[in-house]
Structures are given as structure tokens and as C-alpha cells.
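Here the structure is laid out as C-alpha cells; the discussion comes afterwards.
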Amino acid sequence: FTNFARSLPSVRATASAEQEYAVVVTHLAKAQSISSDAVDTSVDLVAGGSANEGDVFEIEGVGITIEAGETLSSLRSKINTAALDMPEGSRVNASIVNGHLALTREDTGAASIALADTTGTVLQNLGVLDAGQAIKNVNVAGQDAQFTVNGIPVTRSTNTKLDDVVEGLTINLKGVGTATLDIHPD
């Protein structure tokens with residue numbers, strides 16, 4: 001059984017889920033995205049004073065060490081390689097956007113990216129962290145999906161493959177709004 005109600009949720013159902021469901025989506029889940037201050041991507045971070053050779057910082061528990069000649073571009077590559085060692089569900093991807101090192105969690109949800117300077121202050125010097133080790137530039141706040149089904153509040157860290165909300169249904173949230181799902185055999 002499949003029902004597509006407007007562009008909000010899509011649903012896959014078994015016979016046990018036959019009936020009408022009122023779904024109100026107030027928030028879609030989003031992945032957190034943070035960034036550094038603007039940095040010249042070609043400048044040697046050690047020679048430029050933003051880092052010292054041997055400085056170490058951690059993202060999601062994985063240490064990354066600064067080497068001589070390190071640039072923002074090489075740092076991005078190191079972070080993306082280190083992401084393979086991060087716990088599944090907590091992986092972070094790095095990119096460079098308009099001179100900013102952007103770090104984005106692969107998975108959606110309200111969980112914040114865990115990062116810290118462990119030796120030196122490279123993340124603070126780049127403007128990823130402030131002096132108190134808090135994230136300085138949050139570009140997109142991580143957010144859980146929030147919706148109701150027949151008036152019952154539901155919160156999930158993802159928008160897709162929600163098979164634990166209504167027995168017999170798999171729900172994929174596609175937008176904010178209201179939909180009535182009328183589930184009947186094809």
C-alpha cells in the first residue's frame with residue numbers, strides 16, 4: 001500500500017495500518033553546520049600564526065594533527081579522511097565555502113558537533129570555537145523533526161524511514177504542513 005499526500009509525508013503501509021491519519025509537521029530535521037571565520041585558503045596556517053606544528057584538535061573524538069605547510073584546503077582533506085573513523089551517526093564532513101571552513105554533520109538531528117582544541121588553539125584561532133571553547137559560527141542549527149500523528153506529538157532525529165511511529169507504516173517527511181493520510185489497499 002502506498003499513499004502520497006500532497007508533498008508532505010510519503011507513506012508505505014501494511015494492512016494493519018489501514019485507516020485515516022492526520023499528520024501535522026511543524027519542523028523537519030536538519031543537520032548542524034558550523035564554520036570558521038574567513039581564512040585565505042592558500043596561506044600556510046603554521047607560517048601565518050593560526051596554528052603550530054603538532055597542534056591537535058578533535059572532531060567527534062577523532063584527533064587531527066597540524067603539520068608544517070598545513071593550509072585550509074589540506075585541513076579540509078584531513079577532516080574528511082578522519083570522518084571515516086568517527087562513529088556512524090556522528091560523522092562530520094568538511095568543505096570550504098567562500099573562504100570559510102564549513103563543518104556539517106552527515107546526519108540530521110539536534111545533536112551538536114563535538115569538537116575541541118586538545119593541544120594548542122587552532123580551532124579558536126580559525127574562529128571555529130570562541131575563547132570558551134563554544135562553537136562560534138553556527139550556520140544551520142541541528143534540529144529534530146517535530147510532528148503529530150492524530151494529535152500525538154512525535155520527535156525524531158531524521159525525516160525518513162520512520163517505521164516506529166505508527167505500527168505498519170513507514171513515514172518519510174518531505175515538508176512542513178498538514179496532511180491527511182487515508183490508508184487503504186491499492
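Note that these values count all heavy atoms, side chains included, but never hydrogens, waters or copies made by symmetry. In this text, all values refer to a predicted model and were calculated from it rather than measured experimentally.
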Look at the side-chain heavy atoms of Ile, Leu, Val, Met, Phe, Trp and Tyr, link any pair under 4.5 Å apart, and say whether Val25 and Val149 land in one connected group. yes
Under 3.5 Å donor-acceptor, Arg76 side chain and Ala94 backbone: no
Do Ile96 and Ser73 have side-chain heavy atoms sitting under 4.5 Å apart? yes
With a cut-off of 3.5 Å and sequence neighbours excluded, list every side-chain donor-acceptor pair involving residues 38-48.
{"from": "Asp40", "atom 1": "OD1", "to": "Ser42", "atom 2": "N", "distance (Å)": "3.0"}
{"from": "Asp40", "atom 1": "OD1", "to": "Ser42", "atom 2": "OG", "distance (Å)": "2.9"}
{"from": "Asp44", "atom 1": "OD1", "to": "Val46", "atom 2": "N", "distance (Å)": "2.8"}
{"from": "Asp44", "atom 1": "OD1", "to": "Ala47", "atom 2": "N", "distance (Å)": "3.0"}
{"from": "Asp44", "atom 1": "OD2", "to": "Gly69", "atom 2": "N", "distance (Å)": "3.4"}

If only atom types and distance count, is the side chain of Thr121 paired as donor or acceptor with the main-chain N or O of Gln124 below 3.5 Å? no
Does any non-hydrogen side-chain atom of Thr148 lie less than 4.5 Å from one of Val23? no
Nearest 0.5 Å please: distance from the CG atom of Asp163 over to the OG1 atom of Thr170. 5.0 Å
Short question: side chain of Thr65, backbone of Val56 - any donor-acceptor pair under 3.5 Å? no
Beyond-backbone contact of Gln32 with Thr108, side-chain heavy atoms, under 4.5 angstrom: no
Donor-acceptor pair, side chain of Asn80 and main chain of Asn93, under 3.5 angstrom: no
Under the side chain to side chain contact (heavy atoms under 4.5 Å, CB included) rule, what do Ile135 and Asn137 come out as? Steps first, then yes or no, please. CA-CA 6 Å; Ile135 295 171; Asn137 301 302; 5.8 Å; no
Nearest 0.5 Å, what's the CG-OG distance between Asn125 and Ser50? 6.0 Å
Using only atom types and a distance under 3.5 Å, with no angle test, would you say the side chain of Asn172 pairs donor to acceptor with the backbone of Lys161? yes
Donor-acceptor pair, side chain of Glu70 and main chain of Glu67, under 3.5 angstrom: yes
Would you name the heavy atoms of Arg156 and Ala29 that are closest together and state the gap between them? O-CB, 4.4 Å
Side-chain donor or acceptor of Asn159 paired with backbone N/O of Ala145 under 3.5 Å: no
Do Glu60 and Leu115 pass the side chain to side chain contact (heavy atoms under 4.5 Å, CB included) test, and can you show the C-alpha distance, the side-chain angles, and the key distance before you say yes or no? CA-CA 6 Å; Glu60 296 297 338; Leu115 66 166; over 6 Å; no
Treat each ILVMFWY residue as a node, draw an edge where side-chain heavy atoms are under 4.5 Å apart, and state whether Ile183 and Val24 are in one component. no
Phe57, Met86: one ILVMFWY side-chain cluster at the under-4.5 Å cut-off? yes
Rounded to the nearest 0.5 Å, what's the gap from CG on Leu173 to CG on Leu162? Could you check? 5.5 Å
Answer yes or no: is there a donor N or O on one side and an acceptor on the other, between the side chain of Gln133 and the main chain of Asp117, under 3.5 Å? yes
Close side-chain approach of Leu101 and Ile79, heavy atoms under 4.5 Å: yes
In one Ile/Leu/Val/Met/Phe/Trp/Tyr side-chain cluster, 4.5 Å: Val138, Ile113: yes
I need the minimum non-hydrogen distance between Ile66 and Ala51, along with the two atoms involved. CG2-CB, 3.9 Å
Could you tell me whether the side chain of Asp182 and the main chain of Glu20 form a donor-acceptor pair under 3.5 Å? no
Test your reading of the model: is there a side-chain donor-acceptor pair from His100 to the backbone of Ser35, 3.5 Å cut-off? no
From CA spacing to verdict: side chain to side chain contact (heavy atoms under 4.5 Å, CB included), Thr158, Asp107: CA-CA 8 Å; Thr158 184; Asp107 289 349; over 6 Å; no
Check for me, please, whether Val176 and Val165 land in the same ILVMFWY cluster - side-chain distances under 4.5 Å, paths through other members count. yes
Any salt bridge between Asp144 and Lys30, counting N to O under 4.0 Å? no
Side chain to side chain contact (heavy atoms under 4.5 Å, CB included) for Val166 and Tyr21? Distances and angles first, verdict last. CA-CA 9 Å; Val166 176; Tyr21 299 93; 3.6 Å; yes
Rounded to the nearest 0.5 angstrom, the CG-CG distance for Leu129 and Leu123 is 5.0 Å
Please report the closest heavy-atom contact between Asp55 and Gly120, naming both atoms and the distance. OD1-CA, 3.6 Å
Just how far is it from atom CD1 of Ile34 to atom CZ of Arg105, taken to the nearest 0.5 Å? 9.5 Å
Supply the atom-to-atom distance Gln19 CD to Leu169 CG, rounded to the nearest 0.5 angstrom. 8.5 Å
